[in-house]
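What follows is one structure encoded as structure tokens, with my remarks underneath.
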There are 2 protein chains.
Amino acid sequence: MDSALRSRLSAAGVAPECAATIELVRDVLARVGDKWTVLVITALADGPLRFKTLHERTAGISQRMLSQTLRSLTRDGLVTRTAYAEVPPRVEYALTPLGRSLGDTVAHVVGWVQEHQAEIVRNREAFDGDDPTAR
Amino acid sequence: MDSALRSRLSAAGVAPECAATIELVRDVLARVGDKWTVLVITALADGPLRFKTLHERTAGISQRMLSQTLRSLTRDGLVTRTAYAEVPPRVEYALTPLGRSLGDTVAHVVGWVQEHQAEIVRNREAFDGDDPTAR
DNA sequence: CAGAATCCTTCGGGATACTG
DNA sequence: CAGTATCCCGAAGGATTCTG
């Protein structure tokens, strides 16, 4: 299965027989495409933040999801978690070099969207206009 | 809200006051991160395909989701749908220039993942090993 | 403050059946 | 062949409460 992705991967110079790669690519792609990941990474792009500040800067995300997202990112080595033994507790999150690298890559996609957003909006309007039943 | 993304966008040269941009960026990002979009786009990268062939090449996706994904992509102007008035019916899907452009951009992310997958896997193992209770 | 745990609702998406 | 319509379950995720 996944012959399509596989062919694309092989075109990129990846051994076709590596099925694990495909799964991981999907996995990471899913994380990047995740509703919250990009938001968190971009929030941390400007520098380390503690939990609460991060929560404020990423308005819309629940504390549960933020916590969960941060743990995933930390696990993948994209973010560091530093807890200070103080009272009240203070925990700071920061991008690792790997995380910054991913942020830059994602920024390309963001750039693409910005470059073509007008066209996409126009396409949607044309589509919806041509066939009102669709949506 | 979304001050983080906004600041990142402004760093990329986007007017900070444009809130609609943020929503659209998220929207398109979500589509790209979607489980099936990348699969379909990469499948179409090699040339036009009819529905059934596409379904075979994208093993794992249900016909319902394929149909749904294709309609979204068509609506955004990333894919063209060409129906031939024959019997039995034949419908061909193909990437538009815009779709190909997006495919190339996404390929960068795919490339990033490939370049760093070993590191990510190592990070995960280290994380899980250090704290068995996690994940 | 930083989060873990619990509860509960929404919905993505698969299986199946039907239509043009 | 190329879909649309129905049904349905499991997972995602928000609100709330509890703990160190």
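A, B, ... follow the sequence lines: proteins, then strands. Residue 1 opens every chain. Just the heavy atoms: all of them, side chains too, but no hydrogens, waters or symmetry mates, feed the values below.
At whole-Å resolution of the value, NE2 in B/H55 and C1' in C/dG13 are 13 Å apart. Between A/I61 atom CD1 and D/dG13 atom C1' there is a gap of 10 Å when expressed in whole angstrom units. One atom, CE of B/M65, and another, P of D/dA5, lie 13 Å apart when rounded to the nearest Å. Here the P atom of nucleotide D/dA12 and the CZ atom of A/R31 are 12 Å apart, to the nearest Å.
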Polar atoms only, N or O, under 3.5 Å: list the protein pairs with nucleotides 1-4 of chain D and their distances.
unit_1	atom_1	unit_2	atom_2	d
D/dC1	OP1	B/K52	NZ	2.7
D/dC1	O3'	B/R50	NH2	3.3
D/dC1	O3'	B/P89	O	3.3
D/dA2	OP1	B/R50	NE	3.0
D/dA2	OP1	B/R50	NH2	3.3
D/dA2	OP2	B/K52	N	2.8
D/dG3	OP1	B/R81	NH1	2.2
D/dG3	OP1	B/Y93	OH	3.4
D/dG3	OP2	B/Y93	OH	2.6
D/dG3	N7	B/Q63	NE2	3.1
D/dT4	OP2	B/S67	OG	2.7
D/dT4	OP2	B/R71	NH2	3.3
D/dT4	O4	B/Q63	NE2	2.6

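Every salt bridge (charged side-chain N to carboxylate O under 4.0 Å, His left out) that A/R124 has, sequence neighbours left out, goes to B/D27, B/D76. The ring pair (Phe, Tyr, Trp, His ring centres under 6.0 Å) check on B/W112 picks up B/H116, with sequence neighbours excluded. Remark: A/T105 pairs with no residue by the side chain to side chain donor-acceptor pair (under 3.5 Å) rule, at least two apart or across chains.
Applying the side-chain hydrogen bond (donor to acceptor under 3.5 Å, both in side chains) test to residues at least two apart or on different chains, the pairs with a partner in residues 85-99 of chain B are B/E86-B/R90. Applying the salt bridge (charged side-chain N to carboxylate O under 4.0 Å, His left out) test to every pair with at least one member in residues 110-122 of chain B, sequence neighbours left out, gives no pairs at all.
The closest donor-acceptor contact from the side chain of B/T74 to the backbone of B/L70 lies under 3.5 Å.
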